[in-house]
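See structure below.
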Amino acid sequence: MSERFDLVILGAGLSGLALAGAVARSGRRLRTLIIEPRRVAPNPRHWLFPAAPGHGLRRYESSRLTGFEVESPTGAVLHRPLNRMILARVSAQAVQDAALDAIAAEPRMRLEEGASVDQVQAKQTHVALETSEGQVRASWLVDTRPLEDVGMPAGRVVQLSRLMTAPREAGHEDRLCLKLMGSETPGLEQLSLSPDRIVHEQARFVLAPPPDLPPQPNPETMLQWGGRPEAVRHAQGVWPLSYRASNRQRGRVVLAPADAYGLRFAPGMAALRLHDWAHAQARRLSYGLSLCAPPPPPLSARLSTARIEMMIRRDPRQAAARLRALLYDAPADGVMRTLSGAARWTDLVRAWRSGTW
């Protein structure tokens, strides 16, 4: 392979497929190459996030929630209705499949799986790449691989997550239930039910380098709510809790990793932010303008997670107690905005004055 492209995307993850799908749907027929070092893996996650009526992922919504539940260690369930907001539920697999279909339908786009990149040379007018398939030249390179220089050094707070999901045999109930995991370190257990799927996830927040991941969620929970045991899928991951700024623009090379920050539902907000960014970049490519890196999370969300990280580093036990206070005592809308990385100034001021955070 020795060709020239208008755009090369490294990585077919969340941000890479978002940009590739937006370019494919733009109708400009730009020559685009997507290089994925491994294989495009299925994404079993369901994103839940506070949604405006016309948000960018509206077409992929499977349902909407107007409240959630919090389960105590004794098994008591507290119902928390939302006041002025709703939670949108979006299947990550539906978003991924739509992007892959758009890429396959565009003859000037190509997805190369299992190809490695050995060298990248950024020049003034183009970018030269040495890959396992040959030489490639591109007008623009968007690198969506995780940033090595902002990895997870010792002392940073990370969230460890394990997930189990399966289709449901029966049931037409939408439900979201949260439960605290232990009192020594902050942790959340989430059970999400939709009419056709059940998602059970456990997340813990610890200092890096992380210990072992949380124990795998109990399969009996899947059976209890109608999950099909033969179709259970597993996933796991490690993410940083708070945002770290870095230089993401290097001439014609744009760094665009799919960062996810916040306590638990931040991947949904990251997906929404990347969707809007990808469509903006597709328009800029169409008009011959320079590409830009994805925007950071809102300042209020960054301050919120920085405060949470400081508390976990100082006293994990106290942070777990304050997480319990957040779930039970804070206004339901503020709980969801804090967990999703969409906290507002009013949420932060109220939490600080009340001592929750």
Side-chain angles (χ1 to χ4, degrees), residues 43-49 65 67-80 82 87 89 92 157-166 168 171 173-194 197-207 210-227 229 232-239 241 260-269 305 308-309 311-312 316-330 332 334-341 356-357:
N43 193 336
R45 298 184 180 277
H46 275 219
W47 299 322
L48 282 164
F49 52 90
L65 298 177
F68 61 98
E69 301 171 357
V70 179
E71 182 179 344
S72 70
T74 62
V77 176
L78 174 65
H79 295 270
R80 303 296 311 274
L82 297 170
L87 292 176
R89 186 199 306 273
V157 177
V158 297
Q159 48 183 330
L160 315 178
S161 175
R162 269 194 164 165
L163 175 145
M164 181 183 296
T165 179
R168 300 179 69 188
E173 180 183 25
D174 276 311
R175 182 177 177 184
L176 173 64
C177 185
L178 302 176
K179 181 180 179 180
L180 294 172
M181 290 178 56
S183 59
E184 298 298 322
T185 59
L188 282 175
E189 185 174 349
Q190 170 188 311
L191 177 67
S192 174
L193 301 175
S194 62
R197 182 161 292 273
I198 176 173
V199 181
H200 188 204
E201 186 169 10
Q202 294 177 341
R204 285 195 298 133
F205 310 98
V206 299
L207 294 177
D212 295 335
L213 287 167
Q216 190 68 44
N218 191 344
E220 294 182 0
T221 303
M222 313 295 285
L223 299 176
Q224 177 184 355
W225 294 101
V232 171
R233 291 161 63 180
H234 303 265
Q236 64 185 35
V238 181
W239 297 287
L241 179 65
Y261 305 97
L263 277 180
R264 184 51 236 117
F265 305 131
M269 295 302 294
T305 52
I308 295 168
E309 178 171 21
M311 286 195 311
I312 295 175
R317 184 187 291 270
Q318 184 184 38
R322 292 193 173 183
L323 177 59
R324 183 181 302 107
L326 172 72
L327 292 180
Y328 280 93
D329 301 332
V335 172
M336 285 293 105
R337 284 194 292 264
T338 302
L339 294 180
S340 66
T356 303
W357 291 118

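The first residue in the sequence is number 1, and the count goes up from there. Bear in mind that the values here come from a model prediction, so they are computed numbers and not experimental data.
Listed by chain and number, the residues in a side chain to side chain contact (heavy atoms under 4.5 Å, CB included) with E69 are V77, H79, R175, C177 (sequence neighbours excluded). Partners of R80 by side chain to side chain donor-acceptor pair (under 3.5 Å), not counting sequence neighbours: none found. By the side chain to side chain donor-acceptor pair (under 3.5 Å) test, S72 is found to be paired with T74, residues two or more places apart in sequence or in another chain being considered. T165 is linked by a side chain to side chain donor-acceptor pair (under 3.5 Å) to R197, counting only residues two or more places apart in sequence or in another chain.
R322 contributes atom CZ, which lies 5.5 Å from atom CE of M311 (distance to the nearest 0.5 angstrom). Note that the CG atom of L178 and the CD atom of E71 stand 10.0 Å from one another [nearest 0.5 Å]. With values rounded to the nearest 0.5 angstrom, Q202 atom CD is found 10.5 Å from L188 atom CG. Considering CD of E201 and CG of L191, their distance stands at 11.5 Å, rounded to 0.5 Å. Taking CG of L65 as the start and CE of M336 as the end, the distance is 9.5 Å to the nearest 0.5 Å.
The heavy-atom pair separating A320 from S183 by the smallest distance is CB-O, 3.7 Å. Between T185 and F205, the shortest heavy-atom distance links the atoms CB-O, 4.3 Å. What you find for R168 and S194 is that their closest heavy atoms are NH1-O, 3.0 Å. Summarising the geometry of P186 relative to P316, their closest heavy-atom pair is CD-O, 3.6 Å, with the distance given to 0.1 Å. Closest heavy-atom contact between E309 and V157: OE2-N, 2.9 Å.
Counting only N and O atoms by type, the side chains of R89 and S192 include a donor and acceptor under 3.5 Å apart.
Side chains of L327 and L339 form a contact here, defined as non-hydrogen atoms less than 4.5 Å apart.
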Give the C-alpha distance, both sets of side-chain angles, the deciding distance and a yes or no for side-chain contact (heavy atoms from CB on, under 4.5 Å) between L323 and I308. CA-CA 9 Å; L323 177 59; I308 295 168; over 6 Å; no
What do the steps show when you test F68 against V335 for side-chain contact (heavy atoms from CB on, under 4.5 Å), and what is the final call? CA-CA 10 Å; F68 61 98; V335 172; 4.0 Å; yes
Could you please spell out the steps behind the side-chain contact (heavy atoms from CB on, under 4.5 Å) verdict for L193 and D174? CA-CA 5 Å; L193 301 175; D174 276 311; over 6 Å; no
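H200 pairs in a side chain to side chain donor-acceptor pair (under 3.5 Å) with only one of the listed residues (R162, Q190, E189), which is E189.
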